[in-house]
Amino acid sequence: MSNLLAKLKLSPSKGGVSLSTRALSSTFSKRTTLNPIRSLKTVPQPEKVTNYPQERIGRIQHPYLRSRPKRVEPVGNRFFLTPVESQAIDARIKDFPKLQIVDPQSEVLTTDLKNLRGEVIGTIELDSKVFKVPVRKDIIHRSCKRYLASRRQGTHSQKSKSEVSGGGKKPRPQKGSGQARQGSIRAPHYRGGGAAFPVKPRDYSFSLNRKVEILAMKMALANKHSTGSFHVVESLQVESHKTKDSKSIIDAYKDAVFVDSEEIPRNFQLSTQNFHNIQTKLQHELNPYFILKHPNVVVTKDALDKIVGRLNQSDE
């Protein structure tokens with residue numbers, strides 16, 4: 001120890017022992033500099049920890065950080081369950097009665113087959129894929145709005161400032177009058193002037209997807225059937241063309257649209273054309289707008305088969 005102090009040239013003092021800077025610099029030279037990293041012992045890597053509850057395995061990433069268990073993905077109701085609990089759940093599932101899922105469109109729908117006087121003469125089967133569709137108001141609204149927009153002529157036209165006759169001369173000088181400057185007496189703020197933003201001829205029609213149109217048609221028919229306003233008749237044949245002979249038809253169906261397959265019988269058309277609440281359509285002309293416009297829909301048997309066949313083509 002004395003040799004080391006003598007080598008370091010320590011000098012005693014009142015407060016203790018002081019080291020000279022030259023002695024320290026000569027002692028700890030580049031050749032004798034200690035490597036603190038080599039002097040430290042390597043920290044052993046932690047091993048896998050298997051003493052977690054429920055046999056969860058984790059690995060300690062750092063000695064100063066807490067251990068994080070390995071993430072276990074839940075599988076149904078088997079999340080963190082022991083084998084005994086899993087077997088108990090399986091036994092309860094076997095004892096539980098099985099639910100029978102019934103497709104509402106697989107049910108058989110029937111309706112009365114009537115004549116033009118409203119008398120029931122038989123029954124007819126309806127397609128559940130058409131008359132059992134859940135109704136959505138937004139789909140029917142889009143279809144009706146498209147039809148009404150396509151009926152608009154769009155021939156309106158207004159004149160702009162340049163199209164109105166007159167107004168080529170400047171009304172007064174630019175300066176000197178003390179009034180506002182004006183360039184034409186046909187400006188929009190003048191009486192007899194042109195429109196500021198004139199409306200011009202345009203096409204208001206827009207298109208919808210074919211499947212949306214078919215779905216709207218199905219929903220409109222399903223709505224009428226659910227409310228009891230959908231009627232199926234044998235045919236629209238009447239004996240007379242006189243209006244007074246068709247009064248029984250009006251009394252039976254009131255306000256209604258009558259749909260036939262290929263052609264409206266002439267006697268029926270002549271006898272009902274004076275009634276404002278009776279409208280006749282062919283099966284390919286029928287759309288959700290006419291179905292919802294009238295309280296009752298009267299369809300012949302042949303027209304019903306063609307309508308259902310056309311609507312079911314999208315499902316194939």
Output the distance between atom OG1 (Thr280) and atom CD (Glu263), rounded to the nearest 0.5 Å.
11.0 Å

Tell me whether Ser143 contacts the main-chain N or O of Ile140 through its side chain, where contact means a donor paired with an acceptor under 3.5 Å.
no

Counting C-beta onward and ignoring hydrogens, is there a side-chain heavy-atom pair between Arg210 and Ile214 closer than 4.5 Å?
yes

Got a second to check how far Ile124's CD1 is from Leu113's CG, nearest 0.5 Å?
6.0 Å

How about Leu286 and Ile291: do any of their side-chain heavy atoms sit closer than 4.5 Å?
yes

OG1 (Thr227) and NZ (Lys224) are apart, to the nearest 0.5 Å, by 6.0 Å

Please check this pair: side chain of Lys159 against backbone of Pro198, looking for a donor-acceptor N/O pair closer than 3.5 Å.
no

With side chain to side chain donor-acceptor pair (under 3.5 Å) as the criterion, how do Asp127 and Asn312 come out once you've worked through the C-alpha distance, each side chain's angles and the decisive distance to 0.1 Å?
CA-CA 10 Å; Asp127 192 353; Asn312 287 333; 2.6 Å; yes

Is there a continuous path of hydrophobic side-chain contacts, each under 4.5 Å between heavy atoms, that joins Leu236 to Val232?
no

With the side chain counted from C-beta on, respond yes when Leu126 and Val308 share a heavy-atom pair under 4.5 Å apart, and no when they do not.
no

Check whether Ile250 and Val259 end up in the same hydrophobic cluster, where Ile, Leu, Val, Met, Phe, Trp and Tyr are linked by side-chain heavy atoms less than 4.5 Å apart.
no

salt_bridge(Glu234, Lys114) N-O dist < 4.0 Å:
no

Quick one: does Val297's side chain get under 4.5 Å of His231's, heavy atoms only?
no

Side-chain contact test, heavy atoms from C-beta onward, threshold under 4.5 Å: evaluate it for Leu292 versus Asn223 and give yes or no.
yes

For Lys211, does its backbone N or O pair with a side-chain atom of Asn209 as donor and acceptor, under 3.5 Å?
no

Here the gap from Arg181 atom CZ to Lys170 atom NZ, rounded to the nearest 0.5 Å, amounts to 8.5 Å

Please answer: with hydrophobic residues joined when any side-chain heavy atoms are less than 4.5 Å apart, are Val298 and Val257 in the same cluster?
no

Anything under 30° is parallel, anything over 60° is perpendicular, the rest tilted; go ahead and classify Phe230 against His225.
perpendicular

So Ser271 and Ser246, side chain to side chain donor-acceptor pair (under 3.5 Å) or not? Walk me through it.
CA-CA 6 Å; Ser271 61; Ser246 300; 2.8 Å; yes

Quick one: does any side-chain atom of Asn267 pair with a main-chain N or O of Leu270 as donor and acceptor, under 3.5 Å?
no

Distance from Lys161 atom NZ to Tyr190 atom OH, nearest 0.5 Å?
10.0 Å

Is the shortest side-chain heavy-atom distance between Phe131 and Thr111 below 4.5 Å?
no

Non-neighbouring partners of His294 that pass ring-ring contact (aromatic ring centres under 6.0 Å, His included), sequence neighbours left out:
none

Evaluate whether atom NE2 of His189 has more than 12 neighbouring non-hydrogen atoms of other residues, nucleotides or ligands under 6.0 angstrom away.
yes

Taking all non-hydrogen atoms of both residues into account, name the closest pair between Ser205 and Ser150 and its distance.
CB-CA, 3.9 Å

Take atom CZ in Phe206; do more than 12 heavy atoms of anything else shown fall under 6.0 Å from it?
yes

Flag yes if more than 12 heavy atoms outside Lys169 fall under 6.0 Å of its NZ atom; otherwise flag no.
no

Counting N and O atoms only, with roles assigned by atom type, does the side chain of Asp112 sit under 3.5 Å from a partner on the main chain of Val120, one being a donor and the other an acceptor?
no

CD1 on Ile278 to CZ on Phe258, rounded to 0.5 Å
4.5 Å

Around atom CD of Glu285, are there more than 12 heavy atoms from other residues, nucleotides or ligands closer than 6.0 Å?
yes

Atom of Val133, atom of Ala222 and distance for their closest heavy-atom approach:
O-CB, 3.7 Å

Thr300 side chain to Ala303 main-chain N or O, any donor-acceptor pair under 3.5 Å?
yes

Can you tell me if Glu163 uses its side chain to pair, donor with acceptor, with the backbone of Ser160 under 3.5 Å?
yes

Any Leu282 side-chain heavy atom under 4.5 Å of Ile264 side chain
yes

Flag, side chain of Arg172 to backbone of Ala180, donor-acceptor distance under 3.5 Å:
yes

Whether Lys281 engages the ring of Phe290 as a cation-pi pair (distance to the six-membered ring centre under 6.0 angstrom, angle to the ring normal within 45°) should be assessed.
yes

Check whether more than 12 heavy atoms from other residues, nucleotides or ligands sit under 6.0 Å from atom CZ of Arg266, and answer yes or no.
no

Using a strict 4.0 Å threshold on nitrogen-to-oxygen distance, state whether Asp251 and Lys247 make a salt bridge.
yes

Side-chain donor or acceptor of Ser184 paired with backbone N/O of Gly167 under 3.5 Å
yes

Please check this pair: side chain of Asn115 against backbone of Gly118, looking for a donor-acceptor N/O pair closer than 3.5 Å.
yes

When every non-hydrogen atom of Leu116 is compared with those of Gln237, the smallest separation belongs to CD1-O, 3.9 Å

Check whether more than 12 heavy atoms from other residues, nucleotides or ligands sit under 6.0 Å from atom CD of Glu262, and answer yes or no.
no

I'd like to know whether Val233 forms a side chain to side chain contact (heavy atoms under 4.5 Å, CB included) with Val299, so could you lay out the CA-CA distance, the side-chain angles of the two residues, the decisive distance to 0.1 Å, and finally the verdict.
CA-CA 6 Å; Val233 296; Val299 185; over 6 Å; no

Cationic tip of Arg202 within the cone over Tyr204's six-membered ring, i.e. under 6.0 Å and within 45° of the normal?
yes

Take Met219 and Arg136 through the test side chain to side chain contact (heavy atoms under 4.5 Å, CB included) and record every step on the way to the result.
CA-CA 7 Å; Met219 291 179 178; Arg136 284 180 50 182; 3.8 Å; yes

For Lys242 and Ser240, work out which heavy atoms get closest and say how close.
N-OG, 3.1 Å

If I compare all heavy atoms of Ser261 with all of Gln283, which pair ends up nearest, and what's the gap?
O-CG, 3.2 Å

Do the side chains of Pro201 and Thr155 get nearer than 4.5 Å, heavy atoms only?
no

Report, as yes or no, whether the 6.0 Å neighbourhood of atom CD on Gln174 holds more than 12 heavy atoms from other residues, nucleotides or ligands.
yes

